[in-house]
Structure formats: C-alpha cells, structure tokens
Amino acid sequence: MKMSKLFVQTLREFPSDAEVISHKMLARAGYIRKLTSGVYNYLPLMWRVLKKIENIVRDEMDKAGAQELLMPFVQPKELWEESGRWGAYGAELMRLQDRHGREMCLGPTHEEIITSIARDVLKSYKQLPVNLYQIQSKFRDERRPRFGLLRGREFIMKDAYSFSTSQEELDKEYQNMWNAYTAIFKRCGLETKAVQSDSGAIGGNVSHEFMVITDTDAGENDVFYCDDCDYAANSNHAVSNLPKSIIDGGYKEAKIIDTPNVHSIEELSQFLNCAPSVICKALVYIVDKAPVIALIRGDKTVEETKLMNAVGGLDIRIATAAEIEELMNENGFNAIAGFIGPQGLKKYGEYDVKIIADKTVTELKNFVIGINQTDKHLVGANWGTEVELPAQVEDLRLVEAGDFCPQCGKPLKVTRGIEVGNIFQLGTKYSKPMNAVYLDANGKTQPYIMGCYGIGISRTAAAAVEAHHDEWGIKWPIAIAPYHVDIVPVSTQDETQMKVANEIYEKLLDSGVEAVLDDRNERPGVKFKDSDLIGFPFRITVGKTITDGQVEFVIRETNEKISMTPQEAIQKVIETVK
Ligand code: ATP
Ligand code: MG
C-alpha cells in the first residue's frame, strides 16, 4: 500500500471527548471515527486490526473444536419472553418495532437464539457435546458509553455457546475454552489474568473474566489477587478474611443518646470516641424498584453487585434523600441519612422493605446503631435484645487490599483490569425455561447443560493499545498490526532513495509482508510522526546513508534504531513476520 493512497487522516490533536489513551490514539491516528455516542466507524486501518484479531479467535476456536455460524442481529421478542429476559433485561436492551407493530430487539448477546436453534437440531445425546460460535456486532444501550471502543454501544463480539449432557462434560468444555482464550490473548500480544467473577444478567454459577491488567483509568474493574497462590477475583465477586478488629463497643448498658449533626461514620466515631468497627451502618438502596436496607460494619463498604444478587435484582442504586424521607414518613419515622436503622421499617409504596445483613455485623457486641430518629443513636445494642438480627445474612462486603486471601491467608493486593473475555457455566438457565431438551441414552428428555463464552473483539483491539503505546503513538504487537512495516524514503525527490525504497517495498510484498511505502512528498519529520502514531511494528528509513549501502531499521516496540543493508532489513522483517 502506498501511503499517498492509504485511506487515513491523522489528526494534530486528540479528540476533546477522549478520556483514555486507546480512544485518543485510535481517533488521532485515523483508525476510528465516531458516528454517534458509543457508535464508531471502523476505518480501513482499524478494520485490518479487527480482522486479524477475529482470525486469531477463529483459528483457536476452530482448533478447540467449535463451529462458526452467524445469527441475525435483530431478534424477536417472543424468544426473550420464553427465557424470561424480555422483562428482566433493563434499558440496555435496545427494543424496536417493525411496521406490523411486532416487538424486536437488537442483539446484546444471543443465548435465546442459539438455544432455539439447538432445540430444533440437537435431539439426541449422540449429537452432543456441541460448541457453536459467531463473530458479530452487538448492541447494548449502555448507561455510560465511554472510552471509545472499550465501552461502546455497538461493538464486535465473539460469542460461543456449548451444549453438553452433564456437568462433567461442561467442566471439560469450560477448561477447553479457558485454554483457547489463554492462547488467543497471548497470540494478540496481551497478557491476561483469569479472575473469578459475578455472572450478571447472563446468569449461571461459575464464571471467569479474562482481564488485561492496567494501572490506568481504562481499567474499569478492580481485581483482587494473591501473589502467594492463584486466587484472583473481580471486586464484585472477591471474598476475604479480615484482620482482627474491635467488635465490642464496651458500653455497659443500652441507651439512646443525642448525636447532633453527625452525618458520617467518621463523625459519629469521633463524637462517641468509639472505633468505626463497632458501629452498625444501615444503608438504603433501591434494587429494581424495591427498597433494601443493607447493614454492614461501619468500617466496611457494601459491594453493590453482591447486594443486588442477594436480592435477585438486576439494577441497584443508593436511595435519594427524598426516597429516604418518604420511606421514613410511611413507616412513622422522621430521619435523614446517617440516622437510619433497621427497626420498624416495613413498607414502601407497594413494596415490602427487605433488610439484609452483611456477615460482619453478626459478631458485633454492645454496638452503635441508628434508630430512625435524626440526631439520635442507640449505643450498647445487642442482637436479640435491642435489635433483631435480619433473617438474611450474606457476604455483602467489598474486599480491601490487605485483607487476607480466602485460599491461603496471605494479604490480598488490588489492581485494575480491562475485561476482554468472559466464560460462564450457564447450566440449565436457558434450556429449562425454553424447553430445550434432548433424548438421553434411556430415551428420557433432558435439558442441555450449557456454557457461554464471549470475547470483545473491538475491546481487545483497544486494550492492546492501552497495553502497547508510548507518548508518540501505538506500538502494535506484530500479530494484530494493520501493516507490518513502513518504508520511508527521506526525500521523494532523491532518485536513489526512491529506487531503493521501491525495491525493498516490492521484495517485501513478494514475500507476503504487509508493507506501506510512504511516497508522500512530505517533510521526513511528518512521515516519522505518522509512522510512530499509526504504530507500524517496523520502519525502514532510506536516507542519505544509502550511498554507503545502509538504511535505518527502527523497531517500534523499543524505538531502537539499527543501521543495516537493505537486504538485511528485508530479511529481518520476513523472519519476524513468518
Ligand atoms: P462489562 O462488565 O464490561 O459491561 P459484560 O460483562 O457485560 O461487560 P459480557 O456480556 O461478558 O460483557 O460480554 C462479553 C465480552 O464482550 C466482554 O468480556 C467484553 O470484552 C465485551 N463487551 C461487553 N460490553 C462491551 C461494550 N459495551 N463495548 C465493548 N465491548 C464490550
Ligand atoms: Mg462479562
């Protein structure tokens, strides 16, 4: 490809709405153009990268025995009603109507469709196990599309679905996909960590996310991990053992005391001169539409996904001041946030108030707790006497760095990760409600035991930029670079330089190398800048030293510059690419 013909326009500045490196660089280097919020055009350079990632994914999935198909992007409501997700999936599901008023949605994922295909075709245990996958655009009307390709509304995903006859068979396929994912990301030049995770809206029990570890804002997930053993988990799923803390408030008797104008745990513990860990904090959440009170030790934080799962909801947020006021009024109290307690809260509109306690509060003694009266607290409380312990006790706690590893007891560390892939054991979550069954060896009908396995193709490309760049631009790993090498004659007016550059170019093309020849009549500085920004893994600069038979070979990864003959440069590229 001649640079003068390449469909690319590099920009001088980063786009103003770009917050993270990959978004900034992909936009500035001419890979992507925003069409509308969270929706991007993949321009020719980007499309080459995406196709390379797709082909690595295809290759490894095929090797692992999976078969590719392609399902429609638009899906009918009826199948989603069968699985129960039409009502359950929130605003992320982009719903639309056709001209006959039939309801449809844009596919955010394809469990319903694949399950309907399977139940029509896979009728006997003899046909199982099967793993089917596709690579396709997905649409999720994300609450906060941001970070360019990392969190788009339309994005490309590889999604695979397995159908097995037993848990053992599913375990085997899960491990098979685990191995394929490890190989895929390695080939893409990405180091990943597999971490335990929450199953979210897709459902199921066991699931792992493949994370690209990063210390930047682009890592939207906190990952807790142990250096001494293999424990690693997303914060929405991580558990830990706690160091010893003060759990006895030491109050000799229970009494209500004035605590004027103390609004936070910190202020309250200072006012009472007690440890935050002897305060039982009560937080009001709205899960889907219903009120939920979470009780947790004052020095700990609620992990919202854990709380949402404890209730079996799909959406969670902290209640507003107005909602808390209404809740209090309806139950005959008058208190603002900071003074809330679990006692006497029964109803909120048409909903019953749910109260769930985190495990940390069960061991508190003579503790401090709100009683739904502004400027007052109860001190010296105990479960079973002054306050009733809620029937539902769960792990709701957000793990913190320094807590002890649940596997080996060593202190946990925290880092950030970009989720590029996710594998789930679904079990019969879809096959049962959708009546997707086969006949077993005894002629009995059985639901398929399913698994599903996703990789964000476009997110993986962006994650590669997050992991491989410097201040000048992208440093693509060779396997997913849009082109392997950029050949830059310093002066297009210089006949010798042009002749040698052309010869190198032709020879590389003949050897199957993806080469670009920068034939533009531009200053060398401009060409080098573009070359670094676009991120060609190699550059061969043909300048004045060609009269001594030398060109400059630049390795983008290290920015190392080596003088060599054109033949050596050609050889070096061919060796690396093959
Ligand atoms: P997240 O938690 O980041 O919203 P998810 O867990 O909902 O993602 P999955 O349903 O597991 O996503 O989808 C499989 C893969 O698709 C993810 O691992 C990720 O790589 C990719 N993906 C999901 N949502 C997006 C998005 N909005 N933009 C780009 N890629 C995405
Ligand atoms: Mg996921």
Side-chain angles (χ1 to χ4, degrees), residues 239-259 262 264-269 271-285 287 290-304 306-312 318-319 324 327-328 331-333 335-348 352-400 403-404 406:
V239 292
S240 66
N241 297 325
L242 290 177
K244 280 228 167 338
S245 330
I246 304 171
I247 50 167
D248 189 339
Y251 297 97
K252 296 276 179 293
E253 53 170 346
K255 61 177 177 205
I256 295 169
I257 58 167
D258 289 335
T259 51
V262 297
S264 64
I265 295 291
E266 201 189 349
E267 283 170 1
L268 182 60
S269 76
F271 183 86
L272 295 174
N273 196 21
C274 71
S277 56
V278 300
I279 301 171
C280 178
K281 178 159 74 170
L283 298 156
V284 187
Y285 286 91
V287 177
V292 179
I293 314 283
L295 303 183
I296 192 163
R297 225 169 71 182
D299 59 333
K300 297 294 158 201
T301 307
V302 168
E303 209 300 317
E304 294 188 355
K306 288 185 180 177
L307 178 60
M308 186 174 81
N309 290 344
V311 184
I318 197 102
I324 293 177
L327 172 70
M328 290 298 128
N331 292 278
F333 297 110
I336 56 172
F339 302 94
I340 309 302
Q343 308 92 315
L345 298 180
K346 302 273 182 255
K347 280 273 175 201
Y348 180 67
D352 290 335
V353 176
K354 264 201 186 131
I355 301 173
I356 305 181
D358 174 61
K359 286 179 182 165
T360 49
V361 302
T362 60
E363 50 187 21
L364 293 180
K365 291 191 177 60
N366 305 310
F367 56 89
V368 179
I369 190 164
I371 47 166
N372 301 323
Q373 285 184 50
T374 298
D375 294 343
K376 295 206 186 304
H377 277 89
L378 172 64
V379 302
N382 281 289
W383 300 117
T385 44
E386 291 77 22
V387 199
E388 215 177 304
L389 184 67
Q392 193 176 356
V393 178
E394 308 267 2
D395 169 45
L396 304 177
R397 177 170 54 85
L398 176 68
V399 168
E400 287 163 46
D403 290 357
F404 299 129

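Being a predicted model, the structure only gives us computed values, none of them experimental.
Minimum heavy-atom separation, Leu307 to Leu396: CA-CD2, 3.7 Å. Here the closest heavy-atom approach between residue Val284 and residue Ile318 is recorded as O-CG1, 3.6 Å. When all heavy atoms of Ala335 and Ile324 are compared, the closest pair comes out as O-CG2, 4.1 Å. Here the shortest heavy-atom pairing between Ser240 and Val399 reads OG-CG2, 3.7 Å. Gly341 approaches Ala282 most closely through the heavy-atom pair CA-CB, 4.1 Å. Summarising the geometry of Ile246 relative to Val278, their closest heavy-atom pair is O-CG1, 3.6 Å, with the distance given to 0.1 Å.
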Determine whether Val387 and Ile369 satisfy the following criterion, side-chain contact (heavy atoms from CB on, under 4.5 Å), listing intermediate values before the conclusion. CA-CA 9 Å; Val387 199; Ile369 190 164; 4.1 Å; yes
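Between Ile279 and Cys274 the shortest side-chain heavy-atom distance falls below 4.5 Å. Side-chain contact check for Leu272 versus Tyr251: some heavy-atom pair is nearer than 4.5 Å. Within the 4.5 Å cutoff, side-chain heavy atoms of Asn372 are placed close to those of Ile340. Counting heavy atoms from C-beta outward, Arg397 and Val302 have side chains that stay 4.5 Å or more apart. Looking at Lys255 and Leu378, their side chains never come closer than 4.5 Å, going by heavy atoms from C-beta outward. Under the 4.5 Å side-chain criterion, counting only non-hydrogen atoms from C-beta, Val353 is not in contact with Lys346. The side-chain heavy atoms of Cys280 and Val368, taken from C-beta on, include no pair separated by under 4.5 Å. Lys306 has its side chain within reach of Val239: a pair of non-hydrogen atoms, C-beta onward, lies under 4.5 Å apart.
The backbone N or O of Asp403 sits nowhere less than 3.5 Å from a side-chain atom of Glu400 that would complete a donor-acceptor pair. Remark: the backbone N or O of Ile247 is not paired with any side-chain donor or acceptor of Ser277 at under 3.5 angstrom. With hydrogens and angles ignored, the 3.5 Å screen pairs no side-chain donor or acceptor of Glu388 with any backbone N or O of Gly384. Put simply, the side chain of Lys281 never gets that close to the backbone of Ile265: no donor and acceptor are under 3.5 Å apart. Checked by atom type and distance alone, the side chain of Thr259 never pairs as donor or acceptor with a backbone atom of Val262 at under 3.5 Å.
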Identify every side-chain donor-acceptor pair in residues 291-298 under 3.5 Å, counting partners at least two apart or on other chains, and give the distances.
{"residue": "Arg297", "atom": "NE", "partner": "Asp299", "partner atom": "OD1", "Å": "2.9"}
{"residue": "Arg297", "atom": "NH2", "partner": "Ser245", "partner atom": "OG", "Å": "2.9"}
{"residue": "Arg297", "atom": "NH2", "partner": "Asp299", "partner atom": "OD2", "Å": "2.9"}

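Listed by chain and number, the residues in a side chain to side chain donor-acceptor pair (under 3.5 Å) with Asp248 are Asn366 (sequence neighbours excluded). Taking the side chain to side chain contact (heavy atoms under 4.5 Å, CB included) definition, one finds that Asp258 meets it with Pro260, Lys376, sequence neighbours left out. Evaluation of the side chain to side chain donor-acceptor pair (under 3.5 Å) rule for Thr360 yields Asp358 as partners, not counting sequence neighbours. Under the side chain to side chain donor-acceptor pair (under 3.5 Å) criterion, Gln392 pairs with Glu394, not counting sequence neighbours.
Counting only residues at least two apart or on different chains, the ring-ring contact (aromatic ring centres under 6.0 Å, His included) pairs with a member in residues 358-378 are Phe339-His377, Phe367-Trp383.
The environment of Glu267 atom CD is dense: over 12 non-hydrogen atoms of other residues, nucleotides or ligands sit within 6.0 angstrom.
Looking at Asp352 and Lys347, a side-chain N of the basic residue comes within less than 4.0 Å of a carboxylate O on the acidic one, giving a salt bridge.
Here the CG atom belonging to Asp395 is positioned 11.0 Å from the CG atom belonging to Asn309, to the nearest 0.5 angstrom. The CZ atom of Phe333 sits 9.0 Å away from the CD1 atom of Ile371 when rounded to the nearest 0.5 Å.
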